[in-house]
Amino acid sequence: MILIISIEDDYSTNDVVDWLSLFNKKVLRINNETSIDKINIESKNNGFSISFTYKNNEYSVNEFSHFWFRKGKLNFDNIIDIISKNNSRDIDKGIYSHLLFEELKTIEQYFIYFLELKNKLGSYYQGDTNKLKSLAIAQNIGLTIPKSFVFSQKIKLIKAFNISNEFITKGIQGILSFGSDNLGFNNKTELINKIDIDEMDNNFFPSFFQKNIPKLYELRIFYLVGEFYSMAIFSQEDEQTKIDFRNYNYENPNRTVPYKLPLQIETRLDLFMKKMDLDTGSIDMIVTPDLEYIFLEVNPVGQYGMTSIPCNYYLDEKIAKYLANEK
Amino acid sequence: MKQEYIKLYSNCMPVKGYKQSFIVDLQRGGASNAIPNSLFEIIDKYPNKTLDKIKKEYNNKYDEIIDDYFQFLLKNEFAFKCSKQELETFPELDLTWKSASIIENAIVDISTLKETTIKKIISELSELRCNALQIRFEKVCSLNDLKKIGLLLENTRILTVEIFIKYSEETTFETLIYLTDKFPRFQRIYIYNSLKNEMSSCSKIIFDKKDINPSKDCGVISSHNFVINIETFTESQCFNTCLNRKISIDSKGYVKNCPSMQNDYGNISNTKLLDIVEKTNFKDYWTVNKDKIDVCQDCEFRHICTDCRAFIRDSKNIYSQPTKCDYNPYIALWKGQKNWISVEQWREENPHWKDKVNI
């Protein structure tokens, strides 16, 4: 049986489950929205064993041969609820749930550790890969990266600006979007010019800057255990998408076509993914007008559907084949 | 880098017809991308040559026309300029089509709802990984029946459901919106024979005054029904764009390829859908693709067009042209356009037409 951790609305998971069902594989899909009910860990003579209850069925972790972490995280709400309900004493709620949360975190970590000893795809604790770390590793193994800075002082920014006078800024962390007060926010890339810098305070919150790289086109590369599925995005024909193609032009969308990376770049990216301890993820790169390849970032849980569908890659099937050992 | 090559984006697919060709833009669509067959030939023969070399191939006799052609491709963003080094980084689009579903869509006609039957149908369709279901009530249907269906659909593989019901006093906006909210799988409820034409703001509920008969109204082929996307284009390479992985069950329980077709392969009351699909000739129509169909095979629209095997010119020939098509690809004109004549008439007037077919 194959264990999948995902979220309810993820169509990519639906499609992979369809393929697995075509291959006659049994699947347990644990969604972020539904809590695990019970969890038991036992030390036995031949090692530890874990069992848990989900949607009224009990499973032993030994039943699973493969584990795919797609996205989301494990939900233990019901377990916390049981304890809160049974407790009538008047203890500070904050202390209470904090302690429970920390206790559960250790259980969760061990549970995931146990699962990841199996044939696994995706990394539960790499959901938000550190952008600075990945840039450093990429540079270290010989990939070209844009000149990058995190500054909190205007004076440093001005100095750097004099060397490479066009900057972009974006979030340091990897979160792409979030909601607050019923509003949705997307993390976008913005161009910084001299006037922007003049208007800044002398000291500001540590912010991420990169030298703006001229683009011929952008690449979105899906990596699956040593295989590359790349797509070129012609974002430069359109002012709206020049800096960030996620400012989508729905009426006249950017051309997106299959792309084949040079072998040398694939070899380096493969090494990069191994150093990052990632077996899958989506990599963003830029191809410059001089045909230089610039590494931007990696997202371990990106929507690969945006690459799979326009390029007809059938990535759902490829992931399913990997999980079903039918590759 | 010297950008001396002009390359078509791999999702712009030129398709050759008898009289003209058509660039199927799989990403941006557009139904007016016709090009002359001579341009098709140039693109087809010399995909990786510079403009100068292409001109030389034609002994520099058509330099101006060739310049015009490529200007047209660039202006419309069907093609882009690139260097020699880049050529090999842009592979062709793989046109394979495949599906994890045994059945992808189903049409179920109901006269009077029998819960055991609909339950069996829904659970079997879910096992076949059917994604889309259309249920058509031939008579008035109670809200209670719709609720029953909504409940049966929960936790199944069937994700989008479209329902046709006849108007009754019970079917009001409020009650139906309540249903589409409660059962998100109900993507559209279509109420025919209504008092007026009206559509809800979410466009999920549509009241229509017409007393429709979907099984007779089906099969119309026109440019309005063109589907320009990668899924249809790739599927049409080897499969029938209407019947592939479709199933229909009529109000008496007979299982067919489509409600408008006569032939049935068994009855739901005593057979499993999977057995019908796998153990009869049920799949025969699935591979009747446009390249095998008379007239369609000579048409530049063959990979974006729907097909119909229920209404065909010659009922004895499953490869004959759909009756309800008004396009004549031999003269590239639609019925109603000036100088249009029917395919039959055209073929009579051009008895040696087959000699010229080179598609």
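Being a predicted model, the structure only gives us computed values, none of them experimental.
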| Counting a contact as any heavy-atom pair under 4.5 Å apart, which residues of residues 303-311 of chain A contact chain B? |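 Against chain B, the residues of residues 303-311 of chain A that fall inside the cut-off (heavy atoms, under 4.5 Å) are A/I309, A/P310, A/C311.
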How about [X] and [Y]: are their ring centroids closer than 6.0 Å?
X      : Y      : result
B/F90  : B/Y5   : no
B/F72  : B/Y69  : no
B/F301 : B/F226 : yes

What residue in [options] has the most heavy-atom pairs under 4.5 Å with chain B?
options                       : answer
A/P258, A/A232, A/S230        : A/P258
A/T256, A/L261, A/D316, A/L20 : A/T256
A/V287, A/V17, A/V257         : A/V257

| said: According to ring pair (Phe, Tyr, Trp, His ring centres under 6.0 Å), who are the partners of B/Y9, at least two apart in sequence or on a separate chain? | reply: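 So B/Y9 forms a ring pair (Phe, Tyr, Trp, His ring centres under 6.0 Å) with A/F234, B/F80.
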| request: Name the option with the most non-hydrogen atom pairs under 4.5 Å to chain A; the candidates are B/C82, B/S99, B/G29. | output: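 Looking at each of B/C82, B/S99, B/G29 in turn, B/S99 comes out on top.
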| Residue, of B/T96, B/I102, B/T234, that accumulates the most heavy atom pairs under 4.5 Å with chain A |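 When all of B/T96, B/I102, B/T234 are compared, B/T96 has the most.
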| field | Cation-pi check, A/K120 onto A/F69 ring (under 6.0 Å, within 45° of axis) | value |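 Here A/K120 fails the 6.0 Å and 45° test against A/F69.
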NZ/NE/NH1/NH2 to OD/OE distance under 4.0 Å, [X] and [Y]:
X      : Y     : value
B/E86  : B/K7  : no
A/R255 : B/D25 : yes
B/R157 : A/D18 : yes

Which atoms of [X] come close to chain B, meaning under 4.5 Å heavy atom to heavy atom: side chain ones, backbone ones, both, or neither?
X      : answer
A/N14  : side chain
A/L216 : side chain
A/S21  : both
A/Y314 : side chain

| task | Quick one: sort the A/Y59 and A/F64 rings into parallel, tilted or perpendicular, breaks at 30° and 60°. | result |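 Correct class here is tilted.
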| request: Look at the rings of A/Y259 and A/Y293 and say which category their plane angle falls in: under 30° parallel, 30 to 60° tilted, over 60° perpendicular. | output: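 Correct class here is tilted.
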| Residue among B/R188, B/Q187, B/K204, B/Q134 satisfying side-chain hydrogen bond (donor to acceptor under 3.5 Å, both in side chains) with B/E162 |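 Exactly one option meets the side-chain hydrogen bond (donor to acceptor under 3.5 Å, both in side chains) with B/E162, and it is B/Q134.
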Against chain A, label [X] side chain, backbone, both or neither, depending on which of its atoms sit under 4.5 Å from a heavy atom there.
X      : value
B/L26  : neither
B/T89  : both
B/C12  : side chain
B/L93  : both
B/E231 : neither

| message | Can you tell me how far apart CD (B/Q27) and CG (A/N252) are? Round to the nearest 0.5 Å. | response |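 Here the interatomic distance stands at 9.0 Å.
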| task | Before giving the answer on side-chain hydrogen bond (donor to acceptor under 3.5 Å, both in side chains), spell out for A/N31 and A/R29 the whole-Å C-alpha distance, their side-chain angles and the decisive distance to 0.1 Å. | result | CA-CA 6 Å; A/N31 286 323; A/R29 172 175 176 173; 2.9 Å; yes
